[in-house]
There are 2 protein chains.
Amino acid sequence: MTEMSTTKDGQPDKADGSDRVAQILSEAERIFARKGYAGASMRDIAVACGISKALLYHHFANKEELYSRVTVGSTDELYLFVRDRVPSGPPSAKIRAFMVATAEYFRRYRWAWIASTTAFWNDPDRHRQKERMTRRDRYENFLRGLIEEAIEAGEIREVDVPMAGRLILSSLNWMHRWYNPNKAMTPEQIADVYFDLVFNGLRAGDISLPAPPPPKPARRKPR
Amino acid sequence: MTEMSTTKDGQPDKADGSDRVAQILSEAERIFARKGYAGASMRDIAVACGISKALLYHHFANKEELYSRVTVGSTDELYLFVRDRVPSGPPSAKIRAFMVATAEYFRRYRWAWIASTTAFWNDPDRHRQKERMTRRDRYENFLRGLIEEAIEAGEIREVDVPMAGRLILSSLNWMHRWYNPNKAMTPEQIADVYFDLVFNGLRAGDISLPAPPPPKPARRKPR
DNA sequence: TTTTTCGCTGACCGACCGGTCAAGTCCGCA
DNA sequence: TGCGGACTTGACCGGTCGGTCAGCGAAAAA
């Protein structure tokens, strides 16, 4: 992906340019993720790549374009990545697959993910921000469609769809703040736990496998 | 809000200093929240306050101290604020109160909240960051204690306590990314919806009556 | 009155920022 | 052998950054 110009013939002998671009994008992801847009300097990125700062401007017009290539690109890919991993089948299984696929994307493109999610407030360019939000909305609307599908199939209650979607996305979007790749749990496993918690709820006495006939007395005081 | 060039603001005496400090903190909150630590300049803050940049350094040693006063202070207050609003009673009601209280804190100290939550990665000072994490942990451990309490009381299933806590906190911590104060729902109502979703789960067929009724969200829209 | 205190300022500093440029190097091709 | 073009660089620019400082002016203290 992200192949650009330099050689139209596609011969692999001269792959220097695109390798550099890929290297720069890779380092830029990490640095933007850790320092944010304003905190990361082009010098930081150049030093991390082991190249001169001028070479950065040979491959990218300016700091903003480099930033956009990192953030907009990954936001765009996220939707396609997830969509292709949601199978046909029961709607609730689709929701679960949506969550696990998002977690897999997070695991595989972690720094770009973090740079993208952090980007929201810090981006000085309104136009790029709007473009990113549009792509983000497509991803979120896809989840809302799955939830509506599950409601119509009778698999989940008639909940507030946008709110249910936000709950699911919040859990996934916040993961990068506490996830430790050295710990045992993989992001996919984390997403699986979240799905169980959100789908089945915390409340006791209604494990999904057996039917729950005994009605429970009211706990909370009604108004 | 408080326009002042030469006192006369309730007291003709020496309220200048602390008023200035409060004003600076108020403006700094907003600017740090919107631009992040690196993106916000001391000049920005000085101009927003209508004072010279030098006066900023008269009241605060440097940028980092001003930043810490905003972020560490609000993180610290959050725990005390929430703790005082969790009543005695059924553990699940405590969890709900915890969530609503957090939402209330968010509504009342929105900019400081955003600055604090955004601060995580961007903070250059490791020591301050560690201090903030310690205070944050106290807040998170408080929630985990409530969850364990609810498990022992048999009100919720034997779930993974840290994960359940993370799910709840994720939903609240992500709220600032999409919350619009001009829209109908208050943060407290949002927290209430989240509690219902997390506590009762999405799954259909086992609605429990004591679910909290207060918010009346518009149901999903027709296709 | 004189002195002290203190909120407050404009001017200034060195460092670093994003970005530019002329020029050098290397390589495929004629 | 020469030519053209992509890759790469060090030096440099105007501007902004965080931070400093001598001193102003009015109120409090003497």
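Sequence lines set the chain letters: A, B, ... in the order given, protein chains first and strands last, and positions in each chain run from 1.
Between the CD1 atom of Ile51(B) and the C1' atom of dG10(C) there is a distance of 14 Å, given to the nearest Å. Going from atom CG of Leu55(B) over to atom C1' of dA11(C) covers 16 Å, rounded to whole Å. Going from atom CZ of Phe60(A) over to atom C1' of dC7(D) covers 14 Å, rounded to whole Å.
Residues Phe98(A) and Tyr139(A) place their aromatic rings such that the two centres sit under 6.0 Å apart.
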Scan nucleotides 14-21 of chain D nucleotide by nucleotide, 5' to 3', and note B when protein non-hydrogen atoms come under 4.0 Å of the base, S if they reach only the sugar-phosphate, - if neither. ---BBBBB

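The salt bridge (Lys or Arg N to Asp or Glu O under 4.0 Å) pairs that include a residue from residues 178-196 of chain A are Arg96(A)-Asp192(A), Arg107(A)-Glu188(A), Asp196(A)-Arg157(B), where partners are two or more places apart or lie in different chains.
Applying the 4.0 Å criterion to OP1 and OP2 of dG7(C), one finds that His58(B) has a side-chain N or O inside that range. At the phosphate of dC8(C), OP1 or OP2 sits under 4.0 Å from a side-chain N or O atom of His59(B).
Applying the ring pair (Phe, Tyr, Trp, His ring centres under 6.0 Å) criterion to Phe81(B), with sequence neighbours excluded, gives Tyr105(B).
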Between Thr71(A) and Tyr37(A), does a side chain to side chain donor-acceptor pair (under 3.5 Å) hold up when you go through it step by step? CA-CA 11 Å; Thr71(A) 59; Tyr37(A) 177 79; over 6 Å; no

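Judged by distance alone, with hydrogens and angles left aside, the side-chain atoms of Ser26(B) form no donor-acceptor pair with the main-chain N or O of Ala22(B) at under 3.5 Å.
The number of heavy-atom neighbours closer than 6.0 Å to CZ of Arg69(B), taken from other residues, nucleotides and ligands shown, is 12 or below.
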